[in-house]
Amino acid sequence: MERNAHKEPEKQPNNPLHGKTLEAILVFLVSYYGWEELGDIIHINSFRNNPSLKSSLKFLRKTPWAREKVEKLYVDTVRKA
């Protein structure tokens, strides 16, 4: 068995996404912007039409381009806050 087979995950202290779940990121953005403004910033139907955390998470987990936009908005928001 290799000596380094069970390495600890690399620490990323400067990465604002490190250790954050998609749910935690979305909850933060909704509390910061609200669903309406979030839907204006990122044009996703699950943010604009009858928004819910569950439907939005389901969509984001299977749609990489949308998840990237949400993660970028989170990073930008955290940096300016």
Side-chain angles (χ1 to χ4, degrees):
M1 187 166 153
E2 264 187 54
R3 198 169 164 192
N4 292 332
H6 298 288
K7 288 198 293 188
E8 286 186 37
E10 188 176 327
K11 297 198 185 308
Q12 301 177 17
N14 296 326
N15 180 353
L17 295 174
H18 184 70
K20 299 287 183 198
T21 63
L22 183 57
E23 183 174 1
I25 290 168
L26 189 55
V27 166
F28 172 83
L29 291 174
V30 170
S31 68
Y32 191 89
Y33 293 106
W35 286 113
E36 188 174 339
E37 189 175 355
L38 192 55
D40 289 341
I41 296 168
I42 302 173
H43 300 273
I44 297 173
N45 282 337
S46 63
F47 291 175
R48 304 174 114 196
N49 302 320
N50 198 17
S52 76
L53 194 60
K54 184 177 178 180
S55 66
S56 297
L57 285 170
K58 184 177 179 181
F59 176 76
L60 292 171
R61 286 183 177 127
K62 65 180 183 180
T63 315
W65 67 263
R67 182 178 181 141
E68 287 173 18
K69 286 185 178 218
V70 167
E71 290 174 344
K72 182 179 182 328
L73 179 62
Y74 174 79
V75 169
D76 293 345
T77 302
V78 167
R79 285 192 176 141
K80 75 178 182 181

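Side chains included, hydrogens not; waters and symmetry mates left out as well; all remaining heavy atoms used.
For Tyr74, the ring-ring contact (aromatic ring centres under 6.0 Å, His included) partners two or more places apart in sequence, or in a different chain, are Phe28. In terms of the side-chain hydrogen bond (donor to acceptor under 3.5 Å, both in side chains) criterion, Thr63 has no residue partners (sequence neighbours excluded). For the side-chain hydrogen bond (donor to acceptor under 3.5 Å, both in side chains) test, residues two or more places apart in sequence or in another chain that qualify with Lys72 are Asp76. Partners of Phe59 under the ring-ring contact (aromatic ring centres under 6.0 Å, His included) rule, at least two apart in sequence or in another chain, do not exist in this structure. Under the side chain to side chain contact (heavy atoms under 4.5 Å, CB included) criterion, Lys80 pairs with Tyr32, Tyr33, not counting sequence neighbours. Residues meeting the side-chain hydrogen bond (donor to acceptor under 3.5 Å, both in side chains) test with Arg61, sequence neighbours left out: none.
Going from atom CG of Leu57 over to atom CD of Glu23 covers 5.5 Å, rounded to the nearest 0.5 Å. Note: Ile44 CD1 to Trp35 CH2 = 9.5 Å, rounded to the nearest 0.5 Å. Here the CD1 atom belonging to Ile41 is positioned 8.5 Å from the CG atom belonging to Leu29, to the nearest 0.5 angstrom.
In terms of heavy-atom proximity, Leu60 sits nearest to Arg67 at O-CB, 3.6 Å. Between Ser56 and Ser46, the shortest heavy-atom distance links the atoms OG-O, 3.2 Å.
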Next item on the list: Determine, stepwise, if the pair Leu26 / Leu22 fulfils side-chain contact (heavy atoms from CB on, under 4.5 Å).
Entry: CA-CA 6 Å; Leu26 189 55; Leu22 183 57; 5.6 Å; no

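Within the 4.5 Å cutoff, the side chain of Lys69 has no heavy atoms near those of the Leu73 side chain.
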